[in-house]
Amino acid sequence: MIKLKGIVAAVATVSALGSSAVFAQDVEKVIEARQSFMQLYSFNLGLVGEMAKGNTEYDPEIAASAAQNLLALAKMNNSQMWPEGSSKADAGLDEMTRALPEMWSTFPKVLEKQDALTSALENFATVAGKDLDSLRGGMKAVGDGCKGCHTDFRAKKEEG
Ligand code: HEC
């Protein structure tokens, strides 16, 4: 009886490790994909941000395409990049992701944040290529759209 228990426990341990190893690999890819996605936002926002600040010359074509790219990104369906069990609070993921568990526990609140950004970008895409003042006028709402979600659903960067 004791022996059987031991075997059952051993089998359970092996299969649990096996499945968590596969999940760990998948989850790493998923987290990398969504962080890369955020980098695409960041790159395009950087192009128009530097123009708004006067650090680079205003170029209506570059501004318009960066704004279109941002809108296209915001419209992507990325639900598969945010599986349950992939937050910073989940085992082993603390160092890998800054996604807070509230994304899932307060769902669908995060979608409201996403919608706010999309609306700001819909406007931004119509004004960014007009002139520098219009670009500047539309930027704040876009920045607020990013921040609105980060404040609630992204952990602050750890010091050091
Ligand atoms: C709906 C929520 C939401 C919106 C909107 C959003 N983000 Fe994020 N962002 C996150 C979350 C959550 C993370 C943490 C992801 C992780 O570490 O797994 C993140 C991470 C990032 C990162 C770090 C990526 C990395 O390499 O680790 C950058 C940069 C970023 N966001 C930029 C932006 C910009 C720019 C915008 C607006 C154009 C934006 N985000 C809009 C939720 C959002």
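FYI, the numbering just counts along the sequence from 1. In listed order, ligands and their atoms are each counted from 1. If you're wondering where the values come from, they're calculated on a predicted model, not measured in any experiment.
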Completion exercise
For M103, the ligand 1 atoms with a heavy-atom partner under 4.0 Å come out as 12 (C)

Completion exercise
Counting only protein N/O/S atoms, those under 2.8 Å from atom 8 (Fe) of ligand 1 total 2

Exercise for the section: Inspect the contact between E102 and K88 and indicate whether a charged nitrogen and a carboxylate oxygen are less than 4.0 angstrom apart. Expected result: no

Fill in the blank from the handout: of all protein heavy atoms, closest to atom 24 (C) of ligand 1 is Q39 NE2, 3.6 Å

Problem - Atoms of ligand 1 close to R34 [distance to a heavy atom under 4.0 angstrom, numbered from 1] - result: 16 (C), 18 (O)

Problem - atom 15 (C) of ligand 1: nearest protein contact (heavy atom, Å) - result: W82 CH2, 4.0 Å

Practice task
Return yes or no for this condition: an N or O of K113 is under 3.5 Å from an N or O of ligand 1.
Solution key: no

Exercise for the section: Indicate the atoms forming the closest heavy-atom contact of A66 with L47, along with that distance. Expected result: CB-CD1, 4.1 Å

Completion exercise
Taken to the nearest 0.5 Å, the spacing of C146 SG from L45 CG works out to 5.5 Å

Problem - Mode of L117 contact toward ligand 1 - side chain, backbone, both, neither (heavy atoms, under 4.0 Å) - result: side chain

Handout entry: Side-chain donor/acceptor of N77 to backbone N/O of S79, under 3.5 Å
Key = yes

Handout entry: Side chain proximity check, K75 to L121, heavy atoms < 4.5 angstrom
Key = no

Handout entry: Spacing of M103 atom CE and K109 atom NZ [to the nearest 0.5 Å]
Key = 14.0 Å

Handout entry: Presence of salt bridge, K113 and D152, under 4.0 angstrom
Key = yes

Practice task
Salt-bridge test for K53 and E50: reply yes if a basic N is under 4.0 Å from a carboxylate O, no otherwise.
Solution key: yes

Exercise for the section: For F153, counting its heavy atoms only, list the atoms of ligand 1 lying under 4.0 Å from any of them. Expected result: 12 (C)

Problem - Non-hydrogen side-chain atoms of L135 and K130 separated by less than 4.5 Å - result: no

Completion exercise
For atom 16 (C) of ligand 1, the closest protein heavy atom turns out to be T97 OG1, 3.1 Å

Exercise for the section: Could you walk me through whether D90 and S87 pass side chain to side chain donor-acceptor pair (under 3.5 Å), step by step? Expected result: CA-CA 5 Å; D90 289 297; S87 87; 3.1 Å; yes

Completion exercise
One finds that the ligand 1 atoms under 4.0 Å from a non-hydrogen atom of Q114 are 1 (C), 5 (C)

Practice task
Specify the closest pair of heavy atoms between P83 and R34, including all atoms of both residues, with the distance to one decimal.
Solution key: CD-NH1, 4.3 Å

Practice task
Under 4.0 Å from a heavy atom of R98: give me the atoms of ligand 1 that qualify, with their elements.
Solution key: 16 (C), 17 (O)

Practice task
Considering the heavy atoms of V110, write down every atom of ligand 1 situated less than 4.0 Å from one of them.
Solution key: 1 (C)

